[in-house]
Amino acid sequence: MPRRKRMRKVAAPPGFRGYKPYGNRHGSKEHVDLLYEEYEAIKLADYQLMNHQEASHLMGVSRATFARVYESARRKIARALVETREIRSVFGNASLDHSWFACEDCETRFNIPDNLTGQHCPLCKSENIHSIKEQI
Amino acid sequence: MKTIISSTGKKLESGFDLRFGRAEWFCLLDEETGETTFHENENKEASHGAGTKAVEKVIELGASKIISGDFGPKAKELLEKFNIQMVLLSDDSRSIADIIDRIK
């Protein structure tokens with residue numbers, strides 16, 4: 001039996017369900033599944049310009065594992081671009097930061113630290129909030 | 001309770017700044033009295049550690065809530081430790097006054 005996969009910590013799910021090429025002539029092909037942790041790896045390394053050591057620490061995995069996740073992410077994106085395939089975001093082996101919430105009325109995202117008890121949006125005071133973890 | 005809002009200027013009509021560590025100004029709002037004061041962010045040009053220094057400033061000012069666009073990983077970790085609430089707004093078209101109006 002293979003060793004179980006350690007969960008990769010993801011700060012927030014990607015803000016998209018997928019990306020679709022347009023203007024392609026050959027109809028739709030099979031899509032590429034981009035995992036949440038792969039999206040997070042690209043975000044940390046190429047958008048927030050962190051080195052792999054820092055990024056791996058944030059995601060709760062070893063540096064080598066981070067490098068593998070990151071490489072897989074880059075290859076998937078390259079494949080999607082070259083082969084004009086759709087990209088879809090898929091949950092994968094991610095564990096989301098559960099202390100984050102989103103307000104349904106004003107789309108604000110926020111966390112609730114341990115010393116606060118109220119369960120309402122800090123901006124519009126709406127109680128119509130949900131944990132970002134439940135969103136998926 | 002005191003709230004920090006990251007701002008691009010030192011007036012109530014100034015725009016909201018999406019960055020936290022490198023925000024131009026911090027607007028400190030006292031929610032009980034409704035008073036606002038503006039504090040310049042001296043570390044906005046720092047080559048590194050701007051987020052960490054901004055957190056130190058926030059603690060100094062005694063705020064328990066921060067409204068900004070996004071927080072860097074180090075700032076996030078520190079703010080979690082100090083139990084300071086982070087509020088993320090993704091829309092930068094609003095002015096500081098608009099945001100204050102919504103909190104009330």
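Throughout, a chain's letter reflects where its sequence line sits, starting with A, and its residues are numbered from 1.
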| request: State, yes or no, whether a side-chain contact exists between Ile66(B) and Gln85(B) at a heavy-atom distance under 4.5 Å. | output: no
| request: Identify which part of Ile67(B) has an atom lying under 4.5 Å from any heavy atom of chain A, answering side chain, backbone, both or neither. | output: side chain
| query | What is the ring orientation for Tyr19(A) with Phe16(A), classed by angle as parallel under 30°, tilted 30 to 60°, or perpendicular over 60°? | reply | tilted
| Mind checking which of residues 34-41 of chain B sit less than 4.5 Å from chain A, heavy atom to heavy atom? | none
| task | Show the numbers, then the answer: is there a salt bridge (charged side-chain N to carboxylate O under 4.0 Å, His left out) between Lys65(B) and Glu31(B)? | result | CA-CA 11 Å; Lys65(B) 185 157 91 183; Glu31(B) 285 191 26; 3.4 Å; yes
Show me the donor-acceptor pairs within less than 3.5 Å that the side chains of residues 21-28 of chain B make with the rest of the protein, sequence neighbours left out.
unit_1	atom_1	unit_2	atom_2	d
Arg22(B)	NH1	Lys44(B)	O	3.1
Arg22(B)	NH1	Ala46(B)	O	2.5
Arg22(B)	NH2	Ala46(B)	O	3.0

| request: For a side-chain contact (heavy atoms from CB on, under 4.5 Å) with His31(A), tell me which candidate from Lys20(A), Arg85(A), Arg88(A) qualifies. | output: Arg88(A)
| query | Any idea which heavy atoms bring Asp70(B) and Phe20(B) closest together, and the distance? | reply | O-CB, 3.5 Å
| Do you know which of Ile99(B), Leu79(B), Leu89(B) has the most heavy-atom pairs under 4.5 Å to chain A? | Leu89(B)
| note | Taken to the nearest 0.5 Å, the spacing of Phe71(B) CZ from Ser6(B) OG works out to 7.0 Å
